[in-house]
Peer 1: 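Can you keep this structure in mind? I'll have questions shortly.
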Amino acid sequence: MTAKAIARLERGLADGLGVPVELERPSNPEHGDYATNAALRAAPIRRMPPMEIAEELRAVASALPGVKDAAVAPPGFVNLQLDPAWYGEALAEVLDAGAGYGGGSAAETEKVQVEFVSANPTGPLTVASARNAAYGDSIARLLEFAGHTVEREFYVNDAGAQIDLFRQSVDARRRGEEPPPDGYQGDYVGELAALDGDPVQEMERRIRQTLERFRVHMDLWVHQSEMEEVLDDALARIELYEQDGARWLKTTSWGDDKDRVVVRADGRPTYFAVDVPHMRLKWDRGHERLIYVLGADHHGYIARLKAIAGALGHDPEAVEVLIYQLVHLTEGGEARKVSKRRGDVVFLDELLDEIGVDAARWHLLSRSHDQAMEIDVDLARERTEKNPVYYVQYAHARIAGILRNAEGRPSSPEPLGALAPAERELVKRLAEFPTVVAEATERRGPHALPTYAIRVADDFHRFYHDHRVLESEEEAFRLALCRATAAVIARTLDLMGVEAPERM
RNA sequence: GGCCCCGUAGCUCAGCGGAUAGAGCAGCGGACUUCGAAUCCGCGUGCGGAGGUUCGACUCCUCCCGGGGCCGCCA
């Protein structure tokens, strides 16, 4: 999706040329406000020299409202300079759209489910799960903003060998004994032993609490134990074959490298088996797209999950598995081996105690999900003060201060005369927002948000430094520019689950 | 052996076919009697290597080198 003010120019150019035109912001300011390579792209198709097509395009551009000047540059670029009226149009668009600016980019809205975190309830959430939580929740926020109906699910693995071992560990503590050799050792095991009741339920309650603190709200909690009860019914609906006494799903038909056992020769289902009733539940809830957010160590699941979708008669393409690379912990520059069973981990709650939700979510989202991430435990607090999140929040708070001082005086997106360079840069930055959000959504790459937020803050701070807002001739226009900037910053941060403070 | 991800500035990273590759941090030097200095301004011969596709490649393809992860009738 593109801002309307830009899209209007693109359409005007495209209609004149008969080929699609996309405008982009050149890195060199001498190349104008916007530029297009459409002539270069059209040259092979129309079998004409690019410079000739560019000249045609320049003529069309010159006649468009909002265009002050158009120029051709070799080997065939067309560079546009825009007039104050265009800037007024672009700024009015931001303000008119209000909180919805940049939203609703989905061509067709869907019912989407995002399953994420789904950490085993054998211990508190760790920083490893935190990346999953930050990434998955931001994906969900982006999808909602694009117009989809989104459900967030946490799948609780409350059955199986690890859970048995966990319960045994707590029971041993309750009897005053040491946990089993491979059992769970962390301090929290002792805490749970001091309480009555099922430690798994208590652990789930704590995980829920930590997630809420992290501003992640799950709509649905599904338990593996419940899925086991409807396992036979679900397995009866898919085609399995027998070999070596076991029952297999032909996952290779959907791209897996080998078929998978669903029911063992002794009649016990594998771990994989419960994914069948589990996914059936998701489809039965009416979802049209299923998203799973998994760590890189689970990438082998992609084909299996798609296979289940196919076996259940659904389109495997509607199952999307988002893989993020893992978080490595270091301490004083040395790699730190972690094991939840040994209790040798950094819990999300500890990280939040140290650096707070905003800095944590920002940091976890600021790198591509395809990039492995390192968190230095010792430097976490020190780095906090240098976290760019505060730079961005400061810009928002500064604007809030100006608006407080303005005491409700009128604002207007229409500039009186020519804009200063810093004003033009800021308006163009705000006009980028719909494209940035739409691309972040489509690519499932929320790390574009912090990058963009820094640029907006950057442009605003420069504008602020160069120009006075209140009591200036352009007060009304600059107040409008401030309001629009604050709204865009607030929305960008919200899509990351980060707050936009009025004061700091 | 097969599969997934990554090699870009001293460090952590953006960049998803365009013009002179950008931020943050670290370092050095400047700027407050004015709406918040948690700010602004200046200082940098960097895309792991070799081929290929293209008018144009950090970006796409192949191979090589280096780092991380995964390949169970475990969960």
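Since the model is a prediction, treat every value here as computed from it, not as a measurement.
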Peer 1: B:C32 C1' sits how many Å from A:Arg468 CZ, rounded?
Peer 2: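 Distance check: A:Arg468 CZ to B:C32 C1' gives 13 Å.
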Peer 1: Using a 4.0 Å heavy-atom cut-off to protein, can you give one letter per nucleotide of nucleotides 15-20 of chain B, 5' to 3': B if the base is in contact, S if only the sugar-phosphate is, - if neither?
Peer 2: SBSBBB
Peer 1: How does each nucleotide of nucleotides 37-43 of chain B score, in 5' to 3' order, for protein heavy atoms under 4.0 Å: base (B), sugar-phosphate only (S), or none (-)?
Peer 2: SBSSS--
Peer 1: For nucleotides B:U45 and B:G18, find the distance between their C1' atoms and express it as a whole number of Å.
Peer 2: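 About 23 Å, rounded to a whole number of Å.
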Peer 1: Using the P atom in both, what is the distance from B:C43 to B:G24, to the nearest Å?
Peer 2: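 Result for the P pair: 13 Å, nearest Å.
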Peer 1: Set out, in order, the CA-CA distance, both residues' side-chain angles and the distance that settles side-chain contact (heavy atoms from CB on, under 4.5 Å) for A:Val67 and A:Leu9, then state yes or no.
Peer 2: CA-CA 9 Å; A:Val67 176; A:Leu9 295 177; 4.0 Å; yes
Peer 1: Run the salt-bridge test on A:Asp244 and A:Arg247 with the 4.0 Å N-O cut-off and return the result as yes or no.
Peer 2: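 So A:Asp244 does not pair with A:Arg247 through a salt bridge.
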Peer 1: Going from CZ on A:Phe477 to CG on A:Leu416, what distance comes out if it is rounded to the nearest 0.5 angstrom?
Peer 2: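 Nearest 0.5 Å value for the CZ-CG distance: 9.0 Å.
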Peer 1: Go nucleotide by nucleotide along RNA chain B from the 5' end; which of A:Phe272 and A:Leu326 gets its closest nucleotide reached first?
Peer 2: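 Its nearest nucleotide lies further toward 5', so the answer is A:Leu326.
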Peer 1: Which residue, A:Asp266 or A:Gly401, contacts RNA chain B at a nucleotide closer to its 5' end, judged by nearest heavy atom?
Peer 2: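 Residue closer to the 5' terminus by nearest nucleotide: A:Gly401.
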Peer 1: Look at the side-chain N and O atoms of A:Arg367 and state whether any lies under 4.0 Å from the OP1 or OP2 oxygen of B:A23.
Peer 2: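 Answer no for this pair, as no side-chain N or O of A:Arg367 is under 4.0 Å from OP1 or OP2.
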Peer 1: Provide, to the nearest angstrom, the distance between the CD atom belonging to A:Gln162 and the P atom belonging to B:A75.
Peer 2: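 Going from CD in A:Gln162 over to P in B:A75 covers 10 Å.
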Peer 1: Output one line per pair: protein atom, nucleotide atom from nucleotides 6-10 of chain B, and distance, for all N/O pairs under 3.5 Å.
Peer 2:
| from | atom 1 | to | atom 2 | distance (Å) |
| --- | --- | --- | --- | --- |
| B:C6 | O2' | A:Gln371 | OE1 | 3.3 |

Peer 1: Roughly how far apart are A:Leu305 CG and A:Leu294 CG, rounded to 0.5 Å?
Peer 2: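 Reported value, rounded in 0.5 Å steps: 7.0 Å.
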Peer 1: Just checking, A:Lys282 and A:Tyr155: is the charged tip under 6.0 Å from the six-membered ring centre and within 45° of the axis?
Peer 2: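 Not flagged: A:Lys282 not positioned over aromatic ring of A:Tyr155.
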Peer 1: Expressed in whole Å, how much space separates the P atoms belonging to B:U20 and B:C13?
Peer 2: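 One P to the other, the span is 29 Å.
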Peer 1: Just how far is it from atom CE of A:Met1 to atom OG1 of A:Thr441, taken to the nearest 0.5 Å?
Peer 2: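 Here the rounded value is 9.5 Å.
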Peer 1: Rounding to an integer number of angstrom, what distance separates B:C6 and B:C60 when you compare their P atoms?
Peer 2: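 Per the computed distance, 9 Å lies between those P atoms.
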Peer 1: Under a 4.0 Å threshold between the charged nitrogen and the carboxylate oxygen, would A:Asp266 count as salt-bridged to A:Arg264?
Peer 2: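 So A:Arg264 does not pair with A:Asp266 through a salt bridge.
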Peer 1: Ring centres of A:His461 and A:Tyr391 under 6.0 Å apart?
Peer 2: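 Yes, close enough.
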Peer 1: Which distance, rounded to the nearest 0.5 Å, do you find between the CD of A:Glu153 and the OH of A:Tyr292?
Peer 2: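 The CD atom of A:Glu153 sits 8.0 Å away from the OH atom of A:Tyr292.
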Peer 1: Are the aromatic rings of A:His31 and A:Phe77 close, with centres under 6.0 Å apart?
Peer 2: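 Not close enough - the centres of the two rings lie 6.0 Å or further apart.
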Peer 1: Report which part of the nucleic acid A:Ala397 touches: base, sugar-phosphate, or nothing (heavy-atom distance under 4.0 Å, all strands).
Peer 2: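 Counting heavy atoms under 4.0 Å across all strands, the contact made by A:Ala397 includes a base.
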Peer 1: Nearest whole angstrom, please: distance from the C1' of B:U12 to the CG of A:Asn387.
Peer 2: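 Rounding to the nearest Å, CG of A:Asn387 and C1' of B:U12 are 12 Å apart.
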Peer 1: Starting at atom NE2 of A:His363, determine the distance to atom P of B:C25, rounded to an integer number of angstrom.
Peer 2: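 So the two atoms are 15 Å apart, to the nearest Å.
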Peer 1: Rounded to whole Å, how long is the line connecting atom CZ of A:Arg47 with atom P of B:C55?
Peer 2: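 Rounded to the whole Å, the gap is 14 Å.
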Peer 1: B:A75, B:G68, B:A23: which one has an atom nearest the side-chain heavy atoms of A:Ile454?
Peer 2: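 From the listed options, B:A23 comes nearest.
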Peer 1: Roughly how far apart, to the nearest Å, are B:U59 and B:C41 at atom C1'?
Peer 2: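 It comes out at 33 Å once rounded to the nearest Å.
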Peer 1: May I ask you to say what A:His467 touches in the nucleic acid, namely base, sugar-phosphate or nothing, with a heavy-atom cut-off under 4.0 Å?
Peer 2: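 Here A:His467 touches the bases of the nucleic acid.
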Peer 1: Output the rounded distance in Å from CD1 (A:Ile402) to C1' (B:C35).
Peer 2: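 Answer to the nearest Å: 5 Å.
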Peer 1: One thing to verify: whether A:Arg455 and A:Asp459 come together as a salt bridge, which I'm taking to mean a side-chain N less than 4.0 angstrom from a carboxylate O.
Peer 2: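 A salt bridge is absent here (no side-chain N lies under 4.0 Å from a carboxylate O).
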Peer 1: Under 4.0 angstrom, heavy atoms only, what part of the nucleic acid is A:Ala246 near: base, sugar-phosphate, or nothing?
Peer 2: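 Touches a base.
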Peer 1: Please name all residues satisfying salt bridge (charged side-chain N to carboxylate O under 4.0 Å, His left out) with A:Arg58, sequence neighbours left out, ordered by chain then number.
Peer 2: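 Partners of A:Arg58 under the salt bridge (charged side-chain N to carboxylate O under 4.0 Å, His left out) test: A:Glu55.
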Peer 1: Does a side-chain N-to-carboxylate-O contact under 4.0 Å join A:Glu474 and A:Arg478?
Peer 2: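 Salt bridge flag = no for A:Arg478 with A:Glu474.
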Peer 1: With a 6.0 Å cut-off on the ring centroids, do A:Tyr135 and A:Phe116 count as close?
Peer 2: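 Between A:Phe116 and A:Tyr135, which both carry aromatic rings, the centre distance is not below 6.0 Å.
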Peer 1: Can A:Arg131 be said to sit on top of A:Tyr324's aromatic six-ring, NZ or CZ under 6.0 Å from centre and within 45° of the ring axis?
Peer 2: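 Not satisfied by the 6.0 Å and 45° rule.
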Peer 1: I want to verify the glycosidic state of B:C32; is it syn or anti under the 90° rule?
Peer 2: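 Nucleotide B:C32 adopts syn.
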Peer 1: Quick one about A:Glu226 and A:His223 (side-chain donor to acceptor, distance below 3.5 Å, no hydrogens or angles considered), yes or no?
Peer 2: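 Looking only at side-chain atoms, A:Glu226 and A:His223 do form a donor-acceptor pair, the distance falling under 3.5 Å.
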Peer 1: By a strict heavy-atom criterion of less than 4.0 Å, which residues belonging to residues 294-302 of chain A are in contact with RNA chain B?
Peer 2: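 Heavy-atom cutoff 4.0 Å gives A:Ala296, A:Asp297, A:His299, A:Tyr301.
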Peer 1: Using the C1' atom as the point on both nucleotides, what is the distance between B:G10 and B:C70, in whole Å?
Peer 2: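 About 33 Å, rounded to a whole number of Å.
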Peer 1: Please report, rounded to the nearest Å, how far the C1' atom of B:C74 is from the CG atom of A:Asp275.
Peer 2: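 Distance, rounded to whole Å: 14 Å.
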Peer 1: Using the P atom as the reference point in each nucleotide, state the distance between B:C11 and B:G48 in Å, no decimals.
Peer 2: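 Per the computed distance, 13 Å lies between those P atoms.
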Peer 1: Taking atom P in both B:G15 and B:C35, compute the distance separating them and give it to the nearest angstrom.
Peer 2: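 One P to the other, the span is 38 Å.
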Peer 1: For A:Arg478 and B:C35, what is the distance between atoms CZ and P respectively, to the nearest whole Å?
Peer 2: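 Those two atoms, CZ and P, are 15 Å apart.
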Peer 1: Has A:Arg304 got its NZ or CZ under 6.0 Å from the middle of the six-membered ring of A:Tyr301, at an angle within 45 degrees of the ring axis?
Peer 2: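 Yes; both conditions hold, so A:Arg304 lies above the ring face of A:Tyr301.
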Peer 1: Nearest 0.5 Å, what's the CG-NZ distance between A:Leu91 and A:Lys428?
Peer 2: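 With rounding to 0.5 Å, CG (A:Leu91) is 14.0 Å from NZ (A:Lys428).
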Peer 1: Any stems for RNA chain B, made of 3 or more Watson-Crick or G-U pairs in a row, each with both distances under 3.5 Å?
Peer 2: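 Stem list for RNA chain B: B:1-7 with B:65-71, B:10-13 with B:22-25, B:27-31 with B:39-43, B:48-52 with B:60-64.
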